[in-house]
Amino acid sequence: MVDPFETFPHLLAPLKIGNTVFRNRMFCAPTGHADIIADGQPSTEVIMVFERVAIGGAAMVSEGEVCVDPREFREGRWPREITRLTNYNYPRIASVVHRHGAVASMELSFSGSGPHPISRAMAMASGAPLEGPSEMTLPDGLRVVEMTEERIFEIIEGYGRAALAAKNAGFGMVALHAAHGRALQHWFSPAMNRRTDRWGGSVENRCRFAVMAIDEIHRVCGRDFPVEIRISGTEIVKDGYGIDEGCRIAGQLDGHADIINVSVGGLNSYIPESLARTHLSMFYPQGRNAEYAAEIKKHVKKSYVGIAGGFSDPYLAEEILASGQADIIYMARQLVCDPDMPNKVRTGKPEEIRKCMRCLQCFSEMVAHGNMVCAINPESNRDRENYYSLPAPVRQRVLVIGGGIAGMQAAITAGKNGHNVILCEKGGELGGNILCERQVPFKERLHDYIEQQKRLIEKLNIELRLNTRLTPELARSFRPDVIMAAVGSEPVIPDIPGIDGKNVYQAMEVFKNPSLAKGKILILGAGLVGTELAIYLAGSFGSHVEVVEMQGGINAGDNHVHSVAIEDMIIQKKIPIHFHTKAVEITDKGVRCQTPDKEVFFNADTVIHAAGMRPLQEEALRFAQCAPVFHMIGDCRKGANILHATSTAHTAAKYIGRYSYV
């Protein structure tokens, strides 16, 4: 425990803008969600999610991407719309956030030539052209027509109407989305904005649209009503503008916007090189955007400067504020992972912060299934479940078999609910198979999480038995009421001639001991394990690595956003991947492979196979009759990912003893 006001004086310093007081400098960045009900308003579930972040101590909580264009309003779920007076869930969000001491903010967005993917799909389906600064055809074939001055003023007025509606609903601030390839960034961009009138050409003209929109909001809402704008400080991609132009853009916005929130991102924010930096992946250091915010802050005299960039460490955040690189720290995924982070900082308990791994599982789950859940926080965004009034648990004797990710979470949840828990692990350390990656730089946060789980197990006085390989007879001797089998999975060994050669290793062996990989390296399998191993070897050791894959693309399971981050690294590290290529024989010289067209031989000194994991279902089922209640959790039930492990473990353990026969 530390003295919070001595250790984090800048992070905990209040901030006053106009008549609005923010209780600290930790802001929740605009967080999108897919849970939208009729007429473009958030569901009750979303209200509860925003409430939970406010309870955790963030100074500001922001709803993301609410539409300002009246031409886009329609019956149905999309777009999000604040100007419809019967959308009562917006004032409910504002009210509950305010009642917990935070400021509710609303991010306003104009689709234009940089629409949200749903708006883009609607435009493609209807055949309607998009509107932008200049006439053009986008790479995906969508036509963009030059926006008339009449329409520009209509949208400026739309920003004012939406902001006033947000203020009347109880929101204490609004933000304009002008980053990540959204429409206003297109107007900033010299490449996209080729106009010769007062809306294009000079940086002053290219920023005029955004400046007038901000000024219109202040006109209708009052100068004391805070207005933020989120910009890409640099477009980072080859043909985009750099930080020098970002500084010139910020200079035009200075004094108009109260806060300039610095992010990064290209005009097409969905290509790997852009997406993995806009939503900072685990392959980059946290705070990666600090250099851009610091440079912009040199050119900004009146507005506050905020920064987003994968923050999870309060010490780094404090350092950035203390050194004057920024005034505000924005976090999104970190507050999904641990909404209590601000309160843990304020109470001097930074060691208890659950740090986001930046695995992008939350993003993928939101896009695929509409729920922004977290791989290592099984309660996150399941607030309706968490608020259920459950019967008090009857104390049970719980035996957890296996001390990997699932086993640790099961023991912790059961222990928190007052059960008598015994945790048995066959090895000498908790953590499971994932321990082989403990030296991988971009997995640092995962291993921080494992160490944190170990401390929780110790704190809860759970009976821990390491180096204990259970048999059914030994399991029965504990007389458990409940057994939770978390025995995990084992690597699949592909049936390829030569797989047992002296130059052949399984991926986990090489993660554990990278010195095994010598000379020219060929990895069999472009799944999550194979590609991350390739990135690790190429990035940390300068190894020459190639990958062959039977299928047509990288397979990161259901975490498709992380697969884009992997692709970004594959491009940067120049790692060749050969798709539709099947290994048919391994020799001491390399691997003979078959493609759809021909046979190919890849020379290799070291061959590494990463063919997936096999659930140890039969091993788990050995214990099915050793207790009245039996659960299979984690990888032994289904080989998946950390999210699956923590979710199945937490849910099963949460209900133990609360109902008969559970």
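Computed from a predicted model, the values in this text were never measured in an experiment.
Using a 4.5 Å heavy-atom threshold, the side chains of Asn377 and Asp338 count as separate. Side-chain contact check for Leu11 versus Pro9: every heavy-atom pair is 4.5 Å or farther apart. With a 4.5 Å cut-off on side-chain heavy atoms, Lys297 and Val262 do not count as touching. Side-chain contact check for Met26 versus Val345: some heavy-atom pair is nearer than 4.5 Å. By the 4.5 Å heavy-atom criterion applied to side chains, His10 and Arg25 are not counted as neighbours. In this structure the side chain of Thr347 never reaches within 4.5 angstrom of the side chain of Pro4, judged on heavy atoms. Counting heavy atoms from C-beta outward, Val21 and Leu15 have side chains that stay 4.5 Å or more apart. With contacts defined as side-chain heavy-atom distances shorter than 4.5 Å, the pair Ile307/Gln325 does not qualify.
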Under the criterion side-chain contact (heavy atoms from CB on, under 4.5 Å), I'd like the reasoning laid out for Glu45 against Asn371: C-alpha separation, chi angles, the key distance, then a yes or no.
CA-CA 10 Å; Glu45 187 86 33; Asn371 196 10; 5.9 Å; no
Go through the steps to decide whether Met508 and Asn433 satisfy the test side-chain contact (heavy atoms from CB on, under 4.5 Å), and finish with yes or no.
CA-CA 8 Å; Met508 289 172 60; Asn433 287 337; 3.6 Å; yes
Walk me through whether Tyr536 and Phe541 qualify under ring pair (Phe, Tyr, Trp, His ring centres under 6.0 Å).
CA-CA 8 Å; Tyr536 174 44; Phe541 305 100; 5.3 Å; yes
Could you walk me through whether Asp568 and Arg277 pass the salt bridge (Lys or Arg N to Asp or Glu O under 4.0 Å) check?
CA-CA 9 Å; Asp568 169 46; Arg277 289 284 299 279; over 6 Å; no
Walk me through it: do Val264 and Tyr292 pass the test side-chain contact (heavy atoms from CB on, under 4.5 Å)?
CA-CA 9 Å; Val264 300; Tyr292 307 124; 3.7 Å; yes
Verdict with supporting geometry, Asn381 and Val336, side-chain contact (heavy atoms from CB on, under 4.5 Å)
CA-CA 7 Å; Asn381 275 250; Val336 173; 4.0 Å; yes
Report the C-alpha separation of Glu451 and Lys454 in whole Å, then their side-chain angles, then the decisive distance to 0.1 Å, and conclude whether the salt bridge (Lys or Arg N to Asp or Glu O under 4.0 Å) test is met.
CA-CA 5 Å; Glu451 292 303 313; Lys454 290 178 182 178; 3.1 Å; yes
What verdict does the salt bridge (Lys or Arg N to Asp or Glu O under 4.0 Å) test give for Glu65 and Arg182, after you've listed the backbone C-alpha separation in whole Å, the side-chain angles of each residue and the deciding distance to 0.1 Å?
CA-CA 10 Å; Glu65 293 203 65; Arg182 294 298 184 257; 2.9 Å; yes
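Of the possible polar contacts, one joining the Thr234 side chain to the Ile236 backbone as a donor-acceptor pair under 3.5 Å is found. Glu425 places a side-chain N or O within 3.5 Å of a backbone atom of Gly403 that can act as its donor or acceptor partner. Remark: the backbone N or O of Ala308 is paired with a side-chain donor or acceptor of Asn289 at under 3.5 angstrom. Between the side chain of Ser303 and the backbone N or O of Ala257 there is at least one donor-acceptor pair closer than 3.5 Å. Within the 3.5 Å criterion, the main-chain N or O of His560 finds a donor-acceptor partner in the side chain of Ser563. For Arg230 (side chain) and Glu107 (main-chain N/O), no donor-acceptor pair under 3.5 Å exists by modelled atom type. Distance alone, capped at 3.5 Å, places no donor-acceptor pair between the Gln334 side chain and the Met357 backbone. Between the Arg23 side chain and the Pro14 main chain, no donor and acceptor come within less than 3.5 Å of each other. A donor-acceptor contact shorter than 3.5 Å is absent between the side chain of Ser489 and the backbone of Cys636. Between the side chain of Asp313 and the main chain of Gly287, no donor-acceptor pair closer than 3.5 Å is present.
Checking Arg382 against Ser647 by side-chain atom types alone, a donor-acceptor pair falls below 3.5 Å. No side-chain donor from either of Asn641 and Asp635 sits under 3.5 Å from a side-chain acceptor of the other. Of the N and O atoms on the side chains of Glu319 and Ser323, not one donor lies less than 3.5 Å from an acceptor on the other residue. Side-chain contact annotation: Gln185 with Ser232, donor-acceptor N/O pair under 3.5 Å present. Of the N and O atoms on the side chains of Asn261 and Glu228, at least one donor lies less than 3.5 Å from an acceptor on the other residue. Of the N and O atoms on the side chains of His650 and Thr413, at least one donor lies less than 3.5 Å from an acceptor on the other residue. A side-chain donor from one of Arg445 and Ser312 sits under 3.5 Å from a side-chain acceptor of the other. Side-chain atoms of Arg92 and Asn89 include a donor-acceptor pair closer than 3.5 Å.
Going from atom CE of Met60 over to atom CZ of Phe22 covers 7.0 Å, rounded to the nearest 0.5 Å. Note that CD of Glu318 is 9.0 Å distant from CD1 of Ile329, once rounded to the nearest 0.5 Å. Note that SG of Cys359 is 7.5 Å distant from CD1 of Ile376, once rounded to the nearest 0.5 Å. The CE atom of Met173 sits 7.0 Å away from atom CD1 of Ile17, with the distance rounded to the nearest 0.5 Å. Rounding to the nearest 0.5 angstrom, the gap separating the CD1 atom in Ile575 from the CG atom in Leu537 is 8.5 Å. Between the OG1 atom in Thr651 and the CD atom in Gln409 there is a gap of 9.5 Å [rounded to 0.5 Å].
Salt-bridge formation is not detected for the pair Asp340/Arg346: no Lys NZ or Arg NE/NH1/NH2 atom is positioned less than 4.0 Å from an Asp or Glu carboxylate oxygen. In summary, Lys344 and Glu352 do not engage in a salt bridge, as defined by a charged side-chain N under 4.0 Å from a carboxylate O.
The two residues Gly415 and Val421 make their nearest non-hydrogen contact at N-CG2, 3.7 Å. Leu280 and Gly309 make their closest contact through CD2-O, 3.3 Å (heavy atoms, listed as atom of the first residue, atom of the second, distance). Scanning all heavy atoms of the two residues, the minimum distance from Arg333 to Cys362 falls at CG-SG, 3.6 Å. Here the shortest heavy-atom pairing between Ile93 and Pro42 reads CD1-CG, 3.5 Å. Ala166 and Met106 get closest at one heavy-atom pair: CB-SD, 3.9 Å. Scanning all heavy atoms of the two residues, the minimum distance from Thr278 to Gly265 falls at OG1-CA, 3.4 Å.
The aromatic ring centres of Phe442 and Tyr284 sit 6.0 Å or more apart. Checked against the 6.0 Å centroid threshold, Tyr315 and Phe8 count as a close aromatic pair.
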Show which side-chain atoms of residues 525-532 pair as donor or acceptor with protein atoms under 3.5 Å away, not counting sequence neighbours.
unit_1	atom_1	unit_2	atom_2	d
Thr531	OG1	Gly527	O	2.7
Thr531	OG1	Leu528	O	3.3
Glu532	OE1	Lys443	NZ	2.7
Glu532	OE2	His562	NE2	2.8

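Here Asp383 pairs with nothing under the salt bridge (charged side-chain N to carboxylate O under 4.0 Å, His left out) rule; sequence neighbours left out.
Relative orientation of the His279 and Phe363 rings is perpendicular, given thresholds of 30° and 60° on the angle between their planes.
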